[in-house]
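Okay, structure first, notes after.
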Amino acid sequence: MAEESDLEKTEQASPRRLEKAREDGDVPRSRELATFAVLISATLGFWLSGDAMVRQLQQMLAGGLQFQMDTVRDPVQFGLYWGVQLRDLLLVFSPLALVMLLAALGSPLLIGGWVFSGKAIGPDFGKLNPMRGLGNMLSTHALSELLKALLKTALVAGAAWLVIASQTDAVLALAMQAPASAAAQQGRLLLTCFAILVAALAVIAAIDAPYQMWQYAKKLKMTRQEVRDEAKESEGNPEIKAKLRAQQREMARRRMMAQVPKADVVVTNPTHYAVALQYPQDGSHAPRVVAKGSDLVAAKIREIASANQVPLMQAPALARALYQHTELSDEIPAALYTAVAQVLAYVFQLKSYRVHGGLAPLRPERIEVPPGMDPLATTRAPQLEAGLGA
């Protein structure tokens, strides 16, 4: 049962799946919505500029019926004459055509948006498979398209019948009117008929657009196994990520070890912790931590320091405090200035003694740190109080 549930498409499409589908040119589309957008723009264009278009057409018709015999006899002049007439005709309809073109280009923004993909126009020889074509003809998508076509036909036919039935008397009355008024009335009747047909298409578009979005989301649904595989691809294999983290830690450790020879002193626990400190020669900043580690890493720091003649200073409390309260490349906390100053003073005196001779400096016997800085002291205090209370 668990395997069957993993193979069922029950999960919503992930952002990555939606992005990939968009890259392939697969986005939700509603042809009915696009058709409605173009027709409503044409209706508005006729309504706003219909009178001006009629007047311009009348002027063109009147001018077209007037021409000179010399123009008719001369093929060149006759061709130029009809070229001018065709140009004027295009200019009359160009505003309406421009509005319809903008509507056709802008309709994809209503659902799906603009998509530019070469994969969508590439050859797909699988479409030549007759079995696949037969399957598409008998699919639920084909059935829905058939029902939608029948609904559209019924609505448009009903709207047309409504217009004819309601305007029969007005159409018959056109024969009794003057030509000018009859032409104007006829234009209004055509515009009304067109508007009712567009209203019928608006109903179809209002149904089709949500349905196409639902169908698109259903088509891109994923199985649980696909979700897991995608997460593994996007986030990476856990084993590979663990190896990468291990490599990064190793590289960071090597960079840290390369800084140990540049240190002025290594403060040790003496075995569990080791912290390498470097003090700037100009004294503009406090000493900073260039390397630190515990157990095996601490042993490696001590080994490198000894090989490069970097002084080792045993100060257990200070080593624990530095390890606990600092990070690599950090300056030491202000609370540890005094303790670190004792260590550095001894180290610099020792370097001077090795170079110039004289009296050997005395190693500090015990270097104290402020209360609360030594993690071992803070853990021992509650245990001591508990023992005294018992």
Taking all non-hydrogen atoms of both residues, which atom of Lys262 and which atom of Gln278 are closest, and how far apart?
O-NE2, 3.0 Å
dist Asn308:CG -> Glu303:CD (nearest 0.5 Å) comes out at 10.5 Å
Is Leu296 atom CG crowded by more than 12 heavy atoms from other residues, nucleotides or ligands, each under 6.0 Å away?
no
Above 12 or not: heavy atoms from other molecules or residues under 6.0 Å from NZ of Lys351?
yes
Within a strict 4.5 Å, meaning less than it, do heavy atoms of the Ser294 and His272 side chains meet?
no
Would you give the length of the straight line joining atom CZ of Arg288 to atom CG of Asp264, rounded to the nearest 0.5 angstrom?
10.5 Å
So which heavy atom on Pro370 is nearest to which on Ala335, and how close?
CG-O, 3.1 Å
For the backbone of Ala321 and the side chain of Gln324, can you confirm whether one donor and one acceptor N or O come within less than 3.5 Å of each other?
no
Kindly indicate whether the side chain of Val340, heavy atoms from C-beta on, has any atom under 4.5 Å from the side chain of Leu318.
yes
Side-chain donor or acceptor of Lys292 paired with backbone N/O of Tyr323 under 3.5 Å
yes
Check whether any side-chain heavy atom of Ile304 sits under 4.5 Å from a side-chain heavy atom of Pro261, and report yes or no.
yes
Measuring from atom CD1 of Ile367 to atom CD of Gln314, what distance do you get when rounded to the nearest 0.5 angstrom?
11.0 Å
Closest heavy-atom contact between Pro364 and Gln342?
CG-O, 4.2 Å
Is a side-chain donor or acceptor of Ser94 paired with a backbone partner of Leu91 at a separation under 3.5 angstrom?
yes
Would you find a donor on one side and an acceptor on the other, under 3.5 Å apart, between the side chain of Thr326 and the backbone of Leu322?
yes
What distance separates Arg17 CZ from Lys20 NZ, expressed to the nearest 0.5 Å?
8.5 Å
My understanding is that only one of Val265, Val347, Val310 makes a side chain to side chain contact (heavy atoms under 4.5 Å, CB included) with Leu277; could you say which?
Val265
Which residue, Arg254, Gln247, Gln248, forms the side chain to side chain donor-acceptor pair (under 3.5 Å) with Glu250?
Arg254
Is there a side-chain contact between Arg253 and Lys300, using heavy atoms and a 4.5 Å cut-off?
yes
Starting from the C-alpha separation in whole Å, work towards a yes-or-no answer on side chain to side chain contact (heavy atoms under 4.5 Å, CB included) for Leu312 and Ser306.
CA-CA 8 Å; Leu312 299 176; Ser306 299; 3.4 Å; yes
Check whether any side-chain N or O of Asp208 sits under 3.5 Å from a backbone N or O of Ile204 as a donor-acceptor pair, and report yes or no.
no
Check: Leu344 and Pro287 side chains under 4.5 Å, non-hydrogen atoms
yes
Any chance CE of Met213 has more than 12 other-residue heavy atoms, nucleotides or ligands included, within less than 6.0 Å?
no
Which atom of Arg363 lies closest to which atom of Met313, heavy atoms considered:
NH1-SD, 3.4 Å
For the student: nearest non-hydrogen atoms of Ala305 and Val266, plus distance:
CB-CG2, 3.7 Å
Less than 4.0 Å between a side-chain N and a carboxylate O, is that true for Glu226 and Arg224?
no
Under-4.0 Å salt bridge between Arg22 and Glu19
no
Is the backbone N or O of Ile111 less than 3.5 Å from a side-chain atom of Arg29, with the two atoms forming a donor-acceptor pair by type?
yes
The reported gap from CD in Gln259 to CD1 in Ile301 (rounded to nearest 0.5 angstrom) is 11.5 Å
Between the side chain of Arg320 and the main-chain N/O of Tyr273, is any donor-acceptor distance below 3.5 Å?
no
More than 12 heavy atoms of other residues, nucleotides or ligands under 6.0 Å from NE2 of His325: is that the case?
yes
Measuring from atom CD1 of Ile196 to atom CG of Leu201, what distance do you get when rounded to the nearest 0.5 angstrom?
12.5 Å
Could you see if Tyr216 belongs to whatever hydrophobic cluster contains Leu33? Use Ile, Leu, Val, Met, Phe, Trp, Tyr and a side-chain cutoff under 4.5 Å.
no
Which atom of Ala103 lies closest to which atom of Ala37, heavy atoms considered:
CB-O, 3.6 Å
